[in-house]
Amino acid sequence: MLVAEDSGKPIGWLRWGLFWDEIPFMNMLTVLSSNRGQGIGRALVTDWEKRMSRAGHSQVLTSTLADESAQNFYRAMGYSDAGVLLLPGESSEIFLRRDLEPAPDLTDPHITRE
């Protein structure tokens, strides 16, 4: 988990695991409502992608429900549709992927814990 802080207090976090035990899969991205629109989510995702690239991964995945606006955020960050999961009685789950490029060893100074 990556945590974004402001004055030592958590204001956002990104949690991930491994899909098929090998592809980094972001399964939660949260920014407190009072801190949204300030680039914190983008900073968390960018930092995570750099870490995954440095760890030797060439792509990352995430997903969001079709009726959520998060899909627009991920597409704006360069993610593309990779498939859909259809479950009875639920909104479609859209899977998104992004190819990673080798990243320099830089981390965002606002993200203080992993």
Side-chain angles (χ1 to χ4, degrees):
M1 177 181 277
L2 295 176
V3 177
E5 295 181 338
D6 183 22
S7 301
K9 296 185 181 190
I11 57 173
W13 53 91
L14 184 154
R15 185 181 70 200
W16 75 93
L18 293 176
F19 191 81
W20 294 328
D21 296 327
E22 67 180 69
I23 303 171
F25 183 86
M26 179 186 354
N27 52 36
M28 179 182 284
L29 175 63
T30 301
V31 176
L32 299 180
S33 58
S34 59
N35 297 97
R36 290 184 183 154
Q38 300 172 25
I40 296 162
R42 181 172 294 275
L44 282 164
V45 172
T46 299
D47 187 82
W48 175 68
E49 290 172 347
K50 288 176 183 178
R51 290 170 187 263
M52 296 304 100
S53 178
R54 284 194 312 271
H57 298 285
S58 61
Q59 66 178 319
V60 291
L61 297 170
T62 192
S63 70
T64 184
L65 293 175
D67 60 358
E68 293 179 335
S69 63
Q71 61 185 292
N72 301 318
F73 169 78
Y74 294 120
R75 288 185 184 117
M77 290 203 62
Y79 285 74
S80 58
D81 291 30
V84 177
L85 175 63
L86 304 171
L87 295 174
E90 295 186 28
S91 293
S92 301
E93 183 85 11
I94 301 171
F95 285 83
L96 300 119
R97 65 178 297 278
R98 182 158 193 242
D99 289 328
L100 299 177
E101 296 189 23
D105 190 15
L106 301 173
T107 56
D108 189 288
H110 298 98
I111 300 169
T112 59
R113 289 187 276 157
E114 182 173 328

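Heavy atoms only: backbone and side chains are in, while hydrogens, waters and symmetry mates are out.
- Across every non-hydrogen atom of Asn35 and Ile40, the tightest pair is O-CD1, 3.4 Å.
- Atoms CG and OG1, from Leu14 and Thr46 in turn, are 10.5 Å apart once rounded to the nearest 0.5 Å.
- The OG atom of Ser53 lies 12.5 Å from the CZ atom of Arg51; values are rounded to the nearest 0.5 Å.
- To the nearest 0.5 Å, the span separating CG on Leu29 from CZ on Arg42 amounts to 11.0 Å.
- Side-chain N or O atoms of Arg98 include none that pairs as donor or acceptor with a backbone N or O of Glu49 at under 3.5 Å.
- For residues 54-87, every residue pair satisfying the ring-ring contact (aromatic ring centres under 6.0 Å, His included) rule, not counting sequence neighbours, is listed here: Tyr74-Tyr79.
- Contact check for Gln38 versus Ile11: no side-chain heavy atoms found under the 4.5 Å cut-off.
- Applying the side-chain contact (heavy atoms from CB on, under 4.5 Å) rule to Ser58 yields no partners; only residues at least two apart in sequence or on another chain are considered.
- Listed by chain and number, the hydrophobic cluster partners of Val84 are Leu86, where partners are ILVMFWY side chains within reach of under 4.5 Å, directly or through others.
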Atom pairs and distances, side-chain donor-acceptor, residues 17-25, under 3.5 Å, sequence neighbours left out:
none

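- Between the CG atom in Leu44 and the CE atom in Met1 there is a gap of 10.5 Å [rounded to 0.5 Å].
- Residues Leu32 and Pro10 share a closest heavy-atom pair of CD1-O, 3.5 Å.
- Leu2 and Leu61 fall into different hydrophobic clusters, where Ile, Leu, Val, Met, Phe, Trp and Tyr are joined by side-chain heavy atoms under 4.5 Å apart, directly or via other members.
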Is there a side-chain contact (heavy atoms from CB on, under 4.5 Å) between Trp48 and Val60? Walk through the geometry before answering. CA-CA 10 Å; Trp48 175 68; Val60 291; 3.5 Å; yes
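- Every residue two or more places apart in sequence or in another chain that forms a side chain to side chain donor-acceptor pair (under 3.5 Å) with Arg97 is listed here: Gln59, Asp99.
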Can you give each donor-acceptor pair under 3.5 Å made by side-chain atoms of residues 62-72, sequence neighbours left out, with the distance rounded to 0.1 Å?
| unit_1 | atom_1 | unit_2 | atom_2 | d |
| --- | --- | --- | --- | --- |
| Thr62 | OG1 | Met26 | O | 2.9 |
| Ser63 | OG | Glu93 | OE2 | 2.5 |
| Thr64 | OG1 | Glu68 | OE1 | 2.8 |
| Asp67 | OD2 | Ser91 | OG | 2.9 |
| Glu68 | OE1 | Leu65 | N | 3.3 |
| Gln71 | OE1 | Arg75 | NH1 | 2.7 |
| Gln71 | OE1 | Arg75 | NH2 | 3.2 |
| Gln71 | NE2 | Ala66 | O | 2.8 |
| Gln71 | NE2 | Glu68 | O | 3.1 |

